[in-house]
Each structure stands twice: as structure tokens, then as C-alpha cells.
Amino acid sequence: MSRIFSGIQPSGELHIGNYLGAVENWVRLQRQHECLICIVDYHAITQDYDVSALQRRTHEMAIGLLASGIDTDDCILFTQSHVPEHTELAWVFMSVTPLGDLERMTQFKDKSKKQESIRAGLMNYPVLQAADVLLYKADRVPVGEDQVQHLELMREIARKWNARYCDGYFPEPKAQLTRARRIIGLDGSAKMSKSLGNTIGILEEPESIWKLLRPAVTDPARIRRSDPGDPDKCNIYSLHKYFGSEDQTAEVASNCRSAGWGCIDCKKVLSEAISVHFRPVRERAADLRANPARVREILGAGAAKARSIAGETIREVREHMGLREGSASW
Ligand code: TRP
């Protein structure tokens with residue numbers, strides 16, 4: 001049976017881009033496979049962040065994931081920094097990773113452009129990501145398209161380590177892409193992302209979903225109410241495809257083409273569909289929010305399970321590398 005691992009940054013808010021691009025898939029996969037989901041707080045510190053908010057954001061992310069249907073009977077949910085073996089394996093992998101490969105990563109190039117001085121942690125981000133997955137010898141990684149390059153590097157790291165220390169020890173994990181490969185934000189141009197402020201949070205109340213959708217960018221060529229629109233050029237239409245029934249989506253498209261509906265009418269229908277879709281998620285989140293001790297307990301239990309697998313891998317890795325004898329007494 002294959003083992004699945006995926007990670008998400010503790011941005012605090014789980015938005016519909018995360019949900020459609022990853023989380024929805026995890027909820028489905030957790031029933032069919034062994035599954036680990038990790039809130040990657042060690043990744044979050046590679047860029048500037050609000051220190052006083054990180055714990056709260058990690059907690060909120062756990063609530064969002066649990067409310068979305070991540071079920072700890074089926075899946076191990078934990079916080080990365082609770083399992084120090086992640087950073088140990090990352091160091092090990094740094095010793096086999098070519099610097100040039102790290103410099104070539106698109107995400108690193110994009111992020112480092114915005115920085116005056118580039119920190120080594122940002123460059124080594126994909127090495128830590130490789131450690132996350134390989135620590136559990138997971139072989140499938142359900143992620144969005146933007147992570148495909150990191151997965152390629154992950155396989156390269158596994159190959160390099162295996163070649164040097166132990167043939168076939170680590171698997172070469174494959175990306176498992178979702179149907180929603182890339183969700184565009186409400187600005188109609190960039191990928192939906194908390195840091196760009198173009199998101200709709202999945203726990204947003206119906207009124208605030210509407211407030212966010214109202215000014216969202218639609219087909220740029222449709223200027224007047226009477227202009228016919230092209231649904232295929234409209235980001236709002238692409239969201240209808242995920243939240244509406246087939247009939248409703250067809251109705252939206254034909255009303256757009258005929259200018260039967262204005263963009264506002266179309267957004268009202270979407271707003272309703274999104275708020276109905278996430279109503280049970282909002283309810284579960286409210287229960288969890290009222291019980292923070294329960295959430296901490298869940299993450300604690302997840303970390304304990306993760307550590308029992310991670311500890312075993314680290315013991316073997318040290319042994320293969322001549323670092324420490326494989327005694328049971330450490
Ligand atoms: N880099 C991933 C992202 O930004 C998050 C992540 C960290 C991850 N470690 C991982 C994803 C391991 C999959 C597997 O989305």
C-alpha cells in the first residue's frame with residue numbers, strides 16, 4: 001500500500017485555493033491510503049513572519065483542516081516542529097544536494113527576488129520538504145502544480161542519498177495532482193494566495209464571502225451590463241465549475257454569453273453556492289474553536305505517532321551513514 005504525505009503552511013487561513021487544490025483531495029485519499037498531513041511551521045520561518053502570531057496560525061490551520069474533514073482515525077495530522085527528526089534529515093540531505101539545483105528552483109528565484117539579503121533557509125526550503133516526505137518513506141505527494149519542481153528535486157535527493165549510502169532505501173515520491181491544478185485569486189490574475197490578499201477563506205461567513213466576491217475581476221472584455229461575456233475568460237466562471245452542479249454551471253455559462261445575467265447576478269449565485277458548500281465546515285470549526293484543548297490534544301497525539309515512524313528512519317539513516325551505532329539505547 002502506498003503512503004501519502006502532504007504539507008501546508010500555517011498561514012492561519014485555509015482558503016478555497018488550498019481547499020480545491022489540496023485539502024479536498026487529502027480528505028478523499030485518507031480513506032484509501034496511509035496518510036500523513038503536516039502543518040509545516042519550520043517552512044514558514046524561511047520568510048519574514050509575525051512571531052507572536054505563528055502559534056495561533058498553526059492552531060487555526062489545524063481547525064480548518066479538521067473541519068474540512070481530515071479525520072485523525074484515518075490520518076496522522078501533526079505540526080512539523082513537534083517532530084525534530086524533520087530538521088535532522090534535512091541536514092543529512094543538504095550533504096547530498098547540489099547547490100545548483102536549489103538555485104534553479106522557480107519558487108526560490110521568485111521569493112528571493114523580493115528579498116534584500118537571501119537567507120540560506122529559503123534556498124534549503126525544498127531540502128526540508130524532501131525530508132518531510134522521505135522521513136516517512138511516503139511515495140505519493142498530493143500537491144498543486146507549483147510543487148512539481150520540488151518533487152523532482154525530492155526524487156533527485158532520494159537517488160543521490162541512496163546511491164551513496166544504501167541502494168533502494170528511500171522511495172522516489174511522485175506528485176499526485178488534483179483536478180484543480182491552479183486556482184486563480186479574486187484579482188483574476190495571480191494564484192490564490194494569502195500573502196497576495198486575493199483569497200476567500202473557507203470559514204468566511206456568508207456576508208463576507210459576498211463582500212469579497214462583489215469586486216472580484218471577471219471577463220475583462222465585458223464592460224457594460226449589456227455586453228455578452230466569455231465564461232472561459234472569466235475567473236468567476238471557473239469557480240462556478242467547482243461549486244455548482246452541472247446544470248447550474250451550464251445555466252451560468254449561457255446567461256453570461258447572452259448577457260442575460262450581469263456579473264453581479266452571476267456572483268450572487270456563486271456566493272450562495274460557496275456559503276452552502278462550507279456551512280457544515282463552518283459549524284465544525286466553531287465547535288473546535290470552542291475547545292482549544294481538544295485541538296492541542298489531537299496535534300499532540302499526531303506528533304507522537306509521526307515520531308514513532310520518524311525515529312525509526314533516523315536510526316537507520318544514522319547507521320547507514322556511519323554516524324552512530326544502531327543501538328536501542330539512544
Ligand atoms: N511547499 C509546500 C507548499 O508550499 C508545503 C510543503 C512543505 C509540502 N512540505 C511538504 C507539501 C511536503 C508536500 C509535501 O505548498
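Both ligands and their constituent atoms are indexed starting at 1 by order of listing.
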Task: Arg159 and Arg155, any side-chain heavy atoms less than 4.5 Å apart - done: yes

Open item on the list: Counting only heavy atoms from other residues, nucleotides and ligands, does the tally under 6.0 Å from NZ of Lys233 exceed 12?
Closed with: no

Open item on the list: Are more than 12 heavy atoms, taken from residues, nucleotides or ligands other than Arg28, located less than 6.0 Å from that residue's CZ atom?
Closed with: yes

Open item on the list: Out of all atoms in ligand 1, which are within 4.0 Å of some heavy atom of Val133? Include the element for each.
Closed with: 12 (C), 14 (C)

Task: Closest protein heavy atom (residue, atom, distance) for atom 5 (C) of ligand 1 - done: Gly7 O, 3.6 Å

TODO: Please work out which of the three classes, parallel, tilted or perpendicular, describes the rings of Tyr19 and His277, given edges at 30° and 60°.
DONE: perpendicular

- [ ] Report the nearest protein non-hydrogen atom to atom 4 (O) of ligand 1: residue, atom name, distance rounded to 0.1 Å.
- [x] Tyr125 OH, 3.2 Å

Open item on the list: Among all the protein's non-hydrogen atoms, which is closest to atom 10 (C) of ligand 1, and how far away is it?
Closed with: Gln129 CG, 3.4 Å

Open item on the list: Can you confirm whether or not the ring centre of Phe170 sits under 6.0 Å from the ring centre of Phe93?
Closed with: yes

Open item on the list: Please work out, at 4.0 Å between heavy atoms, whether the side chain, the backbone, both, or neither of Asp146 comes within that distance of ligand 1.
Closed with: neither

Open item on the list: Determine whether the aromatic ring centres of residues His86 and Phe78 are separated by less than 6.0 angstrom.
Closed with: yes

TODO: Just jot down the ligand 1 atoms closer than 4.0 angstrom to any heavy atom of Val40, in number order.
DONE: 7 (C), 9 (N)

Task: Atoms of ligand 1, numbered as shown, that sit under 4.0 Å from any heavy atom of His43 - done: 7 (C), 9 (N)

Task: Closest to atom 15 (O) of ligand 1 (judged by heavy-atom distance), picking from Gln107, His150, Gln9, Gln147 - done: Gln147

Open item on the list: Show the atoms of ligand 1 that are less than 4.0 angstrom away from any heavy atom in Phe5.
Closed with: 12 (C), 14 (C)

Task: Residues Arg3 and Glu34 bridged, charged N to O under 4.0 Å - done: yes

- [ ] With heavy atoms of Val143 as the reference, note each atom of ligand 1 found under 4.0 Å away.
- [x] 11 (C), 13 (C)

Open item on the list: Taking the basic N atoms (NZ, or NE/NH1/NH2) and the acidic carboxylate oxygens, is any pair closer than 4.0 Å for Asp146 and Arg182?
Closed with: no

TODO: Do me a favour and list the nearest non-hydrogen protein atom to atom 9 (N) of ligand 1 with residue, atom name and distance?
DONE: Asp132 OD2, 2.7 Å

Task: Contact (N/O only, under 3.5 Å) between Ser6 and ligand 1 - done: no

